[in-house]
Amino acid sequence: QVQLVESGGGLVQAGGSLRLSCAASGSISGINAMGWYRQAPGNQRELVASITSGSSTNYAASVKGRFTISRDNAKNTYLQMNSLKPEDTAVYYCNAKIRDSGGYFYNNYWGQGTQVTVSS
């Protein structure tokens, strides 16, 4: 069974940095795009950054120049967050399009979320 598990969230002062990690595990034959979303209380979940299997990246305008998404060959994706602002406070979710071993379809998977709190 495929799972995504995030880690690295926490409390940081404005201007600080955090690095989020997302580990994919289970019966996996391929991972297409991966991404990070966030949701603050009372807000809609929004895309923060995404990365394709070819390592092409896309960022929300609010995080461009501050956040960097990456991935490795061990089924992981990372979000390096620098120059954090209080408005970055949210639950951050990992998302990935994953094909199960022996399968033909890519399905969306979500992690459980990790809290990021940025204090002023």
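Values reported hereafter were calculated over all heavy atoms of this structure, with side chains retained and with hydrogens, waters and symmetry mates removed.
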For the side chain of S50 and the backbone of M34, is there at least one donor-acceptor N/O pair under 3.5 Å apart? no

Path from I98 to Y106 over hydrophobic side-chain contacts below 4.5 Å: no

Are more than 12 heavy atoms, taken from residues, nucleotides or ligands other than Q3, located less than 6.0 Å from that residue's CD atom? no

What one should report as the nearest heavy-atom pair of Y109 and N107 is CD1-O, 3.3 Å

How long is the gap from OG1 on T114 to OH on Y93, to the nearest 0.5 Å? 10.0 Å

The reported gap from CD in Q13 to OG in S120 (rounded to nearest 0.5 angstrom) is 9.0 Å

State plainly whether one hydrophobic cluster holds both V63 and L79, where clusters connect Ile, Leu, Val, Met, Phe, Trp and Tyr through side-chain heavy atoms under 4.5 angstrom apart. yes

Do Y59 side-chain atoms and G65 backbone N/O form a donor-acceptor pair below 3.5 Å? no

More than 12 heavy atoms of other groups within 6.0 Å of E87 CD: yes

Separation between OG1 of T89 and CD of Q115, rounded to the nearest 0.5 Å: 7.0 Å

Looking at every non-hydrogen atom in both residues, tell me the closest pair between Y92 and E6 and how far apart they are. O-OE2, 3.8 Å

Smallest separation among heavy atoms of R71 and I51, with atom names: NH1-O, 3.5 Å

Between the OG1 atom in T52 and the CG atom in N58, the distance rounded to the nearest 0.5 Å is 10.0 Å

What donor-acceptor contacts under 3.5 angstrom involve side-chain atoms of residues 18-30, with partners at least two apart or in another chain?
| unit_1 | atom_1 | unit_2 | atom_2 | d |
| --- | --- | --- | --- | --- |
| S27 | OG | S101 | OG | 3.0 |
| S29 | OG | R99 | O | 3.1 |
| S29 | OG | R99 | NE | 3.1 |
| S29 | OG | D100 | O | 2.8 |

Any non-hydrogen side-chain atom of M81 less than 4.5 Å from a side-chain atom of R66? no

Among T57, D88, N82, which one satisfies side-chain contact (heavy atoms from CB on, under 4.5 Å) with F67? D88

Quick one: OH on Y37 to SG on C94, what's the gap to the nearest 0.5 Å? 10.5 Å

Kindly compute the distance separating OH (Y78) from CH2 (W36), expressed to the nearest 0.5 Å. 10.0 Å

To check you understand the geometry: which heavy-atom pair defines the closest contact between V5 and Q112, and what is its length? CA-OE1, 3.7 Å

Nearest heavy-atom contact between S83 and S17 is N-OG, 4.3 Å

Which heavy atom in V91 sits nearest to a heavy atom in G113, and how many Å separate them? CG1-CA, 3.8 Å

